[in-house]
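The structure under discussion appears below in the form of structure tokens.
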Amino acid sequence: MKVVTRFAPSPTGHLHLGGARTAIFNWLFTRHHQGKFYLRIEDTDTLRSKQEYTDSILASMNWLGLDWDGEPVYQSERFDLYNQYVDRLLESGHAYWCSCSPEDVEKMREEARARGENPKYNGCCRDRGLRPSPGNPEKMVVRLRAPQTGITVLNDMVKGEIVFNNAELDDMVLRRPDGAPTYNMAVVVDDIEMGMTHVIRGDDHVPNTPKQILIYQALGAELPIFGHVPMILGPDKQKLSKRHGATAVIDYEKEGLLPEALVNYLTLLGWSHGNDEFFGLEDLVREFANGRLNPSPSAFDPEKLAWLNHEHMKTRSSQELAELVAPFIKALELPLPAPEKLLPLVEMLRERAQTLKDLAAAMKFMLIDAAQMEYDQKALEKTITPESRAHLAALRSLFDGLPEFDASGLHDALHGYVEGNGLKFKQVGPPLRVALVGALAGPDLCQVMSLLGKEQTLARLTKFQ
RNA sequence: GACCCCAUCGUCUAGCCGGCCCAGGACACCAGUCUUUCACAUUGGUAACAGGGGUUCAAAUCCCCUUGGGGUCGCCA
């Protein structure tokens, strides 16, 4: 059997982490089985759907490296199709017209609730045999004539067998008075039409599934295999929301994450393959079917994501990182050095950064001019004394006289100065670092000076005389 | 309230068709090593089978109950 899946976002916001993960699972599953992976934009809610969000979602999919087959399908363009199916149901007697108003139905629900029952529509129009008449065609909805007894069984790929009592389900609306399909109707029609073999989605859809199965059955259509993956929770184990900070894929792109790291991390949330954790995209495609989907929800941990990103950064060449970090340097409004100047900076600093944004920020002191230097106040107080100023002045003229301004020459000069004057490195190193870097921590001093260049190094030292 | 799902270290998890597990890995945390500092790296450490009943020679692993967490109950998707 050829696998066919889809990712079906509704364009009411950017692609968020939860959506991204269901997209990833579908994509991995499909690519592993060499099937077809489609994109379907669920934009039947014309009020909340926005083109800019569709664009943003597609852009995030591209960024993540998730390609899809064919052109995206827009539900808003397929109302005629949905109506054909609704009409079929009407003709076969699996659906009926209902003239109850939303208020009427709300009242029924209240009554059911008061009785301690599942709130639902009471089926009062079921056997009235209503037909739209010229007088009030627009007021009628179409409902499914759902079985009132028996059970509906969902055989889920990740959760196993889930049994629902049909008595708990009601006659759901399939078509609104304005002719628009409801969500469950549109989804089922599209999944049938598009030949879906597997429907993998968030487990917030579990309660929808028996309703959809009922529609499949009324239509006499074959069921796809369902797989409901648990939700992603915030670090506090609560439902992930804006309250938790960055929840959209685009936020992580802006934070300087590598797309393969985000994919790797999101996949690990709910999927596992023994004790293995580091996976490239190809590894995931190859191993996905050999792993295991966890039925329990998992909490999102930004720290582990950052660690994993660092691991992925290790696999990129400095050349690649230099290209990737450039936009982040610009975003920080720092001058972008020429490629041959940028490369050694990346090499010097890459181990110290967990993200591209970190890397750009770590470069700041190397990219600005002596006049723009900012100094950590505590570091200044701790290291800059009349005595250390004298050392810095001496070093300045020592370095000035160097024939070659390279790391090894600087190293020899620096250590020669320390030893020649019977000093401890601690008396010279920290003040020198503060003068050059602006803080007490940073990369190797001699490397810093050689990359800064003679002019800039001397200018920074001059400020402390 | 009704229905459904879930339950191993703080977090992600291995294990879960029972014995090799007084529970393994990773992140985080703590300590040591390395180092001119910081970081990286590396070594070691703290830390969990929610509780109670069964079944069994044997249970983290199977069953039941309790508790806790989550989801859904729209003419939204």
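Chain letters run A, B, ... following the sequence lines, proteins first and then strands; every chain starts at 1. What you see below is based on every heavy atom in this structure, not just the backbone, and it leaves out hydrogens, waters and symmetry mates.
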Checklist entry - G32(B) and C40(B): how far apart are their P atoms, nearest whole angstrom? => result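 Going atom to atom, P in each nucleotide, I get 16 Å.
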Query raised in the report: How far does the C1' atom of A60(B) sit from the matching atom of A23(B), given to the nearest Å?
Result: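 Between the two C1' atoms, the distance is 8 Å.
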From the list C12(B), U72(B), A77(B), which nucleotide is the closest neighbour of the side chain of Ser10(A)?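 Looking only at heavy atoms from C-beta outward on Ser10(A), the closest nucleotide is A77(B).
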Taking the side chain of Lys304(A) as its heavy atoms from C-beta onward, which of A28(B), A26(B), A14(B) lies nearest to it?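 Selected nucleotide: A26(B).
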Quick one: the side chain of [X] and the base of [N], do they pair up donor-acceptor inside 3.5 Å?
X: Lys120(A); N: A2(B); result: no
X: Asp301(A); N: A28(B); result: no
X: Asp203(A); N: G71(B); result: no

Give each protein N/O atom lying under 3.5 Å from an N/O atom of nucleotides 62-69 of chain B, with the pair distance.
none

Counting only side-chain nitrogens and oxygens, does Thr44(A) get under 4.0 Å of the OP1 or OP2 atom of A77(B)?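 Yes, because at least one side-chain N or O of Thr44(A) sits under 4.0 Å from OP1 or OP2 of A77(B).
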Is any side-chain N or O of Thr182(A) closer than 4.0 Å to OP1 or OP2 of A77(B)?
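Thr182(A) to A77(B) OP1/OP2: no side-chain N or O under 4.0 Å.
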- Message: Would you say Thr149(A) and Asn166(A) are linked by a side-chain donor-acceptor pair, where the criterion is simply a distance under 3.5 Å?
- Response: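 There is no such pair (donor and acceptor under 3.5 Å, judged by atom type) between the side chains of Asn166(A) and Thr149(A).
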Give a yes-or-no answer on whether the side chains of Asn290(A) and His273(A) include a donor-acceptor pair shorter than 3.5 Å.
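Their side chains do not contain a donor-acceptor pair, so the 3.5 Å distance test is not met.
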Between [X] and [Y], is the ring centroid distance below 6.0 Å?
X: Phe37(A); Y: Phe29(A); answer: no
X: Trp271(A); Y: Phe288(A); answer: yes
X: Phe425(A); Y: Tyr417(A); answer: no

Original post:
Under 3.5 Å, side chain of Asp203(A) to main-chain N/O of Val206(A), donor-acceptor pair present?
Top reply: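 No; zero donor-acceptor contacts below 3.5 Å.
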Practice prompt. Have a look at Asp171(A) and tell me which of Arg126(A), Arg143(A), Arg145(A) forms a salt bridge (charged side-chain N to carboxylate O under 4.0 Å, His left out) with it.
Written response: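 Testing Asp171(A) for a salt bridge (charged side-chain N to carboxylate O under 4.0 Å, His left out) against Arg126(A), Arg143(A), Arg145(A) leaves exactly one candidate, Arg126(A).
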Fill in: Residue pair Met185(A) / Leu89(A): nearest heavy atoms and the distance that separates them
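Taking Met185(A) first and Leu89(A) second, the nearest heavy atoms are CE-CD2, 4.0 Å.
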Restricting both atoms to N or O, compile the protein contacts to nucleotides 41-46 of chain B shorter than 3.5 Å, with distance only.
| from | atom 1 | to | atom 2 | distance (Å) |
| --- | --- | --- | --- | --- |
| A41(B) | OP1 | Lys314(A) | NZ | 2.8 |

Exercise for review: Could you walk me through whether Phe464(A) and Tyr375(A) pass the ring-ring contact (aromatic ring centres under 6.0 Å, His included) test, one step at a time?
Suggested key: CA-CA 12 Å; Phe464(A) 289 89; Tyr375(A) 302 93; 5.3 Å; yes
